[in-house]
Amino acid sequence: MRVLDYVVPILSVLPEIEKPRRKQDVTDKLIWTGMALFIFLICSQLPVYGIRPKEGSDPLHFMRMVLASNKGTLMELGISPIVTASLVMQFLQGARLISYNENSSRDRKVFSGAQKAFGLIITVVEAVAYVFSGAYGDVRDIGSFSCVLIVTQLVIAGVICLLLDEMLQKGYGFGNGISLFISTNICEAIFWKAFSPFMVNTGRGQEFEGAIVSLFHQLVQSTNKVKALKDAFYRPHLPNVMSLLSTGVVFLIVIYTQGFAVNIGLQHEATRQMVPQKIKLFYTSNMPIVLQTALISNLYFISSMLHKKFADSPIVGLLGTWGPSHSGAGPAVPLSGLVYYVSPPQGFADAVSDPVHAVFYVVFMVFGCAFFSKSWVAVSNQTSKELAQEWHRNGLILPGRKSRDNLQQVVERYVPTAAALGGICIGLLTILADLLGAVGSGTGVLLAVTFIYSYYEQLEQEKYLPTFLSKK
C-alpha cells in the first residue's frame with residue numbers, strides 16, 4: 001500500500017472548492033479575483049483578539065512582505081503554510097518517499113489532497129508555535145482560554161487563505177492566491193514607502209517616512225538644496241530616493257529578462273500551419289525563490305524560538321543567535337550562525353565588510369534556486385515528457401514528423417537547461433536587488449515583478465487586454 005493511499009479516507013472531510021460548472025468570462029474572473037483580494041486585505045487588517053505583542057519579537061520581520069504576512073493580524077501566517085506544504089511534498093517526492101502516477105486523475109487528486117492536508121497541519125503547528133514561543137506575550141499572562149482562542153483565529157484565517165488560493169487555481173479568477181497576495185503586499189509596501197505622510201523621529205529631528213514626500217519637504221524647507229538632495233537620496237534607516245530608483249532598475253531588468261526564450265518550430269498536424277512554441281529561460285517562473293523563501297522563513301522562526309529558550313546552548317548558537325540591529329532600532333536580527341549567513345547583506349558596504357557572509361549568501365541563493373527549480377519541474381508536471389505530451393494533445397508536431405518521441409527528444413535538449421539556468425538567474429537577480437537596496441527586499445521585488453508579468457501574459461493570451469497594451 002502506497003503512502004498516498006492513507007490520505008484517501010480523509011479527502012472527504014477536507015474543505016474543498018468545486019470547479020466552476022462553466023467557463024468563467026473576464027468579468028466573472030475579475031469579480032472573483034477582486035473578492036479574494038478584498039477578503040485577504042480585510043484579514044490583513046483585523047487584529048488577532050487576545051494578544052499582547054512584544055516589541056523586538058518578530059523573527060520574520062524580513063520575510064513578511066514576501067510571505068504576504070502582517071504581524072498581529074489574522075494574516076499573521078500569510079501564505080507560509082501553503083508554500084511550506086509544497087516544499088514538504090516536493091522533498092518527499094524527490095526522496096521517493098511518495099509516488100504517484102501523474103497520468104492518473106485519481107492520483108493527482110489524492111496528491112493535491114495530501115498537499116492540502118499538510119497545509120492544514122502546518123497551519124495548526126505554526127499557530128501553536130507562535131503562541132507558545134511568546135510572540136503574543138507570555139503564555140502565563142495570556143491565559144489558557146486566550147491561547148486557544150488565538151490559535152483558533154489563526155487556524156481559521158489559514159484555512160481561508162488555503163481556500164482562496166484553491167478557488168483562484170481552479171479557474172474562478174486569475175492566477176493563484178500566492179501570486180495575488182504577495183504582489184499586493186509588496187506593491188502596497190513600495191507605494192507606502194514612497195508616499196507615506198507619517199513623521200518619524202530618526203534622532204536628527206522629525207522626517208517624513210515616504211521617500212518622495214521627504215524629498216519635496218526637504219527641498220522646500222532647507223536653504224542648502226544640495227544637502228537636502230543628498231539627505232533625500234541617501235538617508236539611512238528610512239526609505240530614500242536611491243532605493244526607489246534601485247527598485248525601478250530591478251523592475252526593468254526583470255521585465256527585460258522575461259523575454260528570453262527558445263522558439264520551437266512546430267506545426268498543427270491538421271492544418272499544417274506553423275505554431276511556434278516558446279520554452280522560457282524562467283521555465284519554472286518564480287517558484288524557486290518562493291520555495292527558498294519558505295525554507296529561510298522556517299529557519300528564522302525555529303532559530304528565534306530556540307534562541308529565546310536555550311540562548312546559552314552551543315548547538316542553538318550554530319543555528320543562529322539574535323540581537324538588536326546596528327542601529328539599535330527595530331526587531332531583533334540574526335547576528336551569527338546559519339541564519340545569519342543565509343540572510344542578505346544590507347548593501348554593498350555590508351558585503352565588503354563581511355565577504356565570507358556575502359560569498360556564502362551568493363552560493364546559497366544560486367545553488368538553492370537552481371535545485372528548487374529543477375525539483376519543481378517534476379513536482380508540477382512540467383518535465384520534457386509532459387510538455388511534449390501536452391503539445392501532442394493540442395495537435396502540434398515537428399514539421400515532417402509525427403512521432404511523439406521525436407518531439408520529446410527535442411524538448412529534452414532545452415527543459416533541463418532552462419530549469420537549472422533559470423533558477424540560477426532568479427538567484428542572481430535576487431542578490432543584485434538586495435545589494436542595490438531595492439525597496440521591499442530583492443526577493444520581494446523580484447516576486448512582485450514576475451507575478452505581475454505572469455498576470456499580463458495570461459490576460460494577453462486570453463485576449464483580455466486592450467489593443468494598445470498588447471505586444472502584437
Any chance CZ of F260 has more than 12 other-residue heavy atoms, nucleotides or ligands included, within less than 6.0 Å? yes
Show me the donor-acceptor pairs, under 3.5 Å and distance only, between side chains in residues 153-170 and residues at least two apart or in other chains.
from, atom 1, to, atom 2, distance (Å)
Q153, OE1, Y49, N, 2.9
Q153, NE2, Y49, O, 2.9
Q153, NE2, L149, O, 3.2
D165, OD1, Q169, NE2, 3.3
D165, OD1, G177, N, 2.8
D165, OD1, I178, N, 3.4
D165, OD2, Q169, NE2, 2.7
E166, OE1, K116, NZ, 3.0
E166, OE2, I17, N, 3.4
E166, OE2, K116, NZ, 3.3
E166, OE2, K170, NZ, 3.0
K170, NZ, E16, OE2, 3.4
K170, NZ, I17, O, 2.5

Backbone of G143 reached by a side-chain donor or acceptor of S146 within 3.5 Å: no
Donor-acceptor list for residues 183-191 side chains, cut-off 3.5 Å, not counting sequence neighbours:
from, atom 1, to, atom 2, distance (Å)
S183, OG, S179, O, 2.7
T184, OG1, L180, O, 2.8

Would you tabulate the side-chain donor-acceptor contacts of residues 336-345 under 3.5 Å, counting partners in other chains and residues two or more places apart, or write 'none'?
from, atom 1, to, atom 2, distance (Å)
S336, OG, T321, OG1, 2.5
Y340, OH, D354, OD2, 2.6
Y340, OH, H357, ND1, 3.3
S343, OG, Y340, O, 2.6

Does any N or O in the side chain of S303 come within less than 3.5 Å of the main-chain N or O of Y300, such that one atom is a donor and the other an acceptor? no
Between the side chain of E126 and the main-chain N/O of T123, is any donor-acceptor distance below 3.5 Å? no
Below 4.5 Å, heavy atoms only, C-beta onward: do Y172 and K29 meet side chain to side chain? no
Tell me, yes or no, whether the heavy-atom count around D312 atom CG, taken from other residues, nucleotides or ligands under 6.0 Å, exceeds 12. no
Please check if the side chain of T257 supplies one atom and the backbone of I253 the other of a donor-acceptor pair under 3.5 Å. yes
Quick check against the 3.5 Å criterion: does N70 have a side-chain atom that pairs as donor or acceptor with the backbone of T73? no
Whether S69 side chain and E76 backbone form a donor-acceptor pair below 3.5 Å: yes
Checking S246 side chain against L436 main chain: does a donor-acceptor pair fall under 3.5 Å? yes
So, S384 side chain and V415 main chain: donor-acceptor pair closer than 3.5 Å or not? no
Validation row: Q115, S86 side chains within 4.5 angstrom (heavy atoms): yes
Quick check: F371 with W376 (ring centres under 6.0 Å apart)? no
Give a yes or no on this: more than 12 heavy atoms of other residues, nucleotides or ligands lie within 6.0 Å of atom OH of Y361. yes
Would you check if the side chain of Q45 reaches a backbone N or O of C43 as a donor-acceptor pair within less than 3.5 Å? no
Measure the acute angle between the ring planes of W192 and F198, then classify it against the limits of 30° and 60° as parallel, tilted or perpendicular. tilted
Is the backbone of V377 close enough, under 3.5 Å, to the side chain of T284 for a donor and an acceptor to pair up by distance? no
Between F282 and C425, the two heavy atoms sitting closest are CE2-CB, 3.7 Å
